[in-house]
Novice: 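Got a structure here, written out as C-alpha cells. Questions coming.
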Protein chains: 2
Amino acid sequence: MGATKTDHFTDKQNEIATLAKALGHPARIAIMEYLLKVDTCICGDIVNELPLAQPTVSQHLKELKNAGLIKGDIEGNKICYCIDEKVLNKLQAYFGNIATKLEKKKTDCC
Amino acid sequence: MGATKTDHFTDKQNEIATLAKALGHPARIAIMEYLLKVDTCICGDIVNELPLAQPTVSQHLKELKNAGLIKGDIEGNKICYCIDEKVLNKLQAYFGNIATKLEKKKTDCC
DNA sequence: ATATAATATTGCAATATTACGATAAATTAT
DNA sequence: ATAATTTATCGTAATATTGCAATATTATAT
C-alpha cells in the first residue's frame with residue numbers, strides 16, 4: 001500500500017488533512033512565516049532565506065500552492081507569492097472551534 | 001535523501017510542522033474529531049469508527065500520541081485516549097496569530 | 001487455568017516524500 | 001543577439017508513510 005484511503009473520509013476531513021499535510025514540513029512553515037514577515041508580496045528571494053537548494057524550495061512552494069495555501073503570480077522574471085488569507089482563516093476557524101469545544105468539555109479525565 | 005533537514009530550522013518551526021504533519025492524514029483528523037465528539041474519553045471503540053484495519057488505526061493513534069496531540073492511559077484492557085488541550089491551544093494560537101497578522105496587512109497584491 | 005477481548009508490534013509490499021544535480025524555460029540586461 | 005537571472009521540471013537516490021495480515025501482549029471473564 002502506501003496510498004491514503006481518502007475516499008473513506010469526508011470532504012472536510014480530507015481538506016483539513018491536505019492543508020495540515022502541506023504545513024507538515026519545517027521548510028514550508030518557514031516559507032509561510034517569511035511570506036508573512038515581508039510586507040510586500042513581490043518576493044523573489046525565498047531561496048536565499050532557506051537552507052535548501054533552489055529545486056527543493058521550488059518543490060515546497062509548489063506543494064503549498066497545490067494545497068491552496070499560497071498564491072503565485074508571474075511578475076517579470078520573478079514570481080510573486082503570497083499567503084491565501086481565506087485558507088488560513090479556514091484553518092484558524094477549524095482549530096478555534098476544536099479549542100472552544102475542548103474548553104467547554106470539562107471531563108478532563110486523562 | 002528523503003530525510004527532512006530539521007536541524008536547519010527553528011524549534012518552533014519544527015514543532016508546528018510536527019503537529020501539522022501528525023494531522024496531515026484524514027484518518028487522524030477523523031480520530032481527533034471522534035475524540036472531540038464523545039463526551040467521555042474512555043473510548044475503546046475507535047477502531048469501529050474508522051474504515052481501516054485495527055493495526056492501521058493503532059499506528060495512527062501512536063503517531064498522534066508521539067506528536068503530543070493525544071494522551072492515552074491504560075484503563076483495564078481498554079485504553080482511554082483523549083485530546084491534549086494544551087497542544088491544541090498552541091495550534092489555535094499559531095493560526096490565530098497568522099490570521100490576525102494577515103488581516104492587518106492590507107497589501108493584498110495577489 | 002483457559003478463553004475472550006482489546007490493543008500493540010512485527011514484517012512487508014506499495015507508494016509517497018525529500019533533496020538535489022542537471023537542465024529547461026522565460027524574462028531582463030548588455 | 002547574447003549573457004545573466006530567476007524559477008520550473010526531470011531524473012534519481014535515500015528515506016518515510018500507509019495499510020494490513022499475522023502475531024504478541026495484556027487484562028478480564030468463565
Side-chain angles (χ1 to χ4, degrees), chain A residues 1-9 13-14 17-31 34-35 41-67 70-82 110, chain B residues 1-9 13-14 17-31 34-35 38 40-67 70-82 110:
Chain A
M1 303 287 151
T4 299
K5 287 186 155 185
T6 51
D7 47 322
H8 290 91
F9 301 97
Q13 286 169 340
N14 281 311
T18 299
L19 293 176
K21 189 175 186 178
L23 292 172
H25 192 291
R28 296 196 286 270
I29 292 291
I31 289 171
Y34 181 66
L35 287 178
C41 66
I42 296 144
C43 25
D45 46 353
I46 299 180
V47 174
N48 305 320
E49 288 291 319
L50 294 176
L52 295 168
Q54 180 269 324
T56 310
V57 174
S58 186
Q59 199 172 281
H60 282 307
L61 285 165
K62 194 178 171 185
E63 276 173 72
L64 286 171
K65 204 176 172 186
N66 282 346
I70 62 175
K71 295 176 285 185
D73 276 330
I74 294 164
E75 191 94 8
N77 66 342
K78 295 196 171 183
I79 280 217
C80 157
Y81 276 118
C82 62
C110 293
Chain B
M1 304 288 150
T4 299
K5 289 185 156 184
T6 51
D7 48 320
H8 291 90
F9 300 98
Q13 285 169 341
N14 280 311
T18 299
L19 293 176
K21 189 175 185 178
L23 293 172
H25 192 290
R28 296 194 289 266
I29 290 291
I31 289 172
Y34 180 66
L35 287 177
V38 295
T40 167
C41 67
I42 297 143
C43 26
D45 47 354
I46 299 179
V47 173
N48 304 321
E49 288 291 318
L50 293 175
L52 295 167
Q54 180 268 324
T56 310
V57 174
S58 186
Q59 197 173 283
H60 282 308
L61 285 166
K62 194 178 172 185
E63 277 173 71
L64 286 172
K65 204 176 174 188
N66 282 345
I70 63 175
K71 295 177 286 187
D73 276 330
I74 294 163
E75 191 94 11
N77 67 343
K78 295 197 173 185
I79 279 219
C80 156
Y81 275 119
C82 62
C110 294

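Residue numbers start from 1 in every chain, and the chains themselves are labelled A, B, ... in the order their sequence lines are given, proteins ahead of strands.
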Novice: Ignoring backbone atoms, establish whether Tyr81(A) has a side-chain N or O less than 4.0 Å from OP1 or OP2 of dA8(D).
Specialist: yes
Novice: Is there a side-chain contact between His60(A) and Leu52(A) (heavy atoms, below 4.5 Å)?
Specialist: yes
Novice: How close do Ala67(A) and Leu19(A) get, counting heavy atoms only, and between which atoms?
Specialist: O-CD2, 3.3 Å
Novice: Nearest whole angstrom, please: distance from the P of dG19(D) to the NZ of Lys5(A).
Specialist: 7 Å
Novice: Just the rounded figure in Å: distance from C1' of dA8(D) to CD1 of Ile70(A).
Specialist: 14 Å
Novice: Identify the two heavy atoms, one from Tyr81(B) and one from Leu35(B), that lie closest to each other, and give their separation to 0.1 Å.
Specialist: O-CD2, 3.5 Å
Novice: Using whole Å, what does the distance between atom C1' of nucleotide dT18(C) and atom CG of Leu50(A) come to?
Specialist: 14 Å
Novice: Rounding to a whole Å, what distance do you find between Asp45(A):CG and dT5(D):P?
Specialist: 15 Å
Novice: Looking only at non-hydrogen atoms, find the nearest pair between Val57(A) and Ile46(A) and report the distance.
Specialist: CG1-CG2, 4.0 Å
Novice: How about Gln54(B) and Thr56(B): do any of their side-chain heavy atoms sit closer than 4.5 Å?
Specialist: no
Novice: Looking only at heavy atoms, which two atoms of Leu64(A) and Ala22(A) are closest? And how far apart?
Specialist: CD2-O, 3.9 Å
Novice: Nearest-Å distance, CD (Glu49(A)) to P (dT7(D))?
Specialist: 13 Å
Novice: Does any residue of residues 20-31 of chain B have a heavy atom under 4.0 Å from DNA chain D, and if so, which ones, in number order?
Specialist: Lys21(B), His25(B), Arg28(B)
Novice: Is there a donor and acceptor pair closer than 3.5 Å between the side chain of Gln54(A) and the base of dA8(D)?
Specialist: yes
Novice: How many angstroms lie between atom CZ of Arg28(B) and atom CD1 of Ile31(B), to the nearest 0.5 angstrom?
Specialist: 8.0 Å
Novice: Please work out which of the three classes, parallel, tilted or perpendicular, describes the rings of His25(A) and Phe9(B), given edges at 30° and 60°.
Specialist: perpendicular
Novice: Does anything in residues 55-63 of chain A come within less than 4.0 Å of DNA chain D? Heavy atoms only, and list the residues if so.
Specialist: Pro55(A), Ser58(A), Lys62(A)
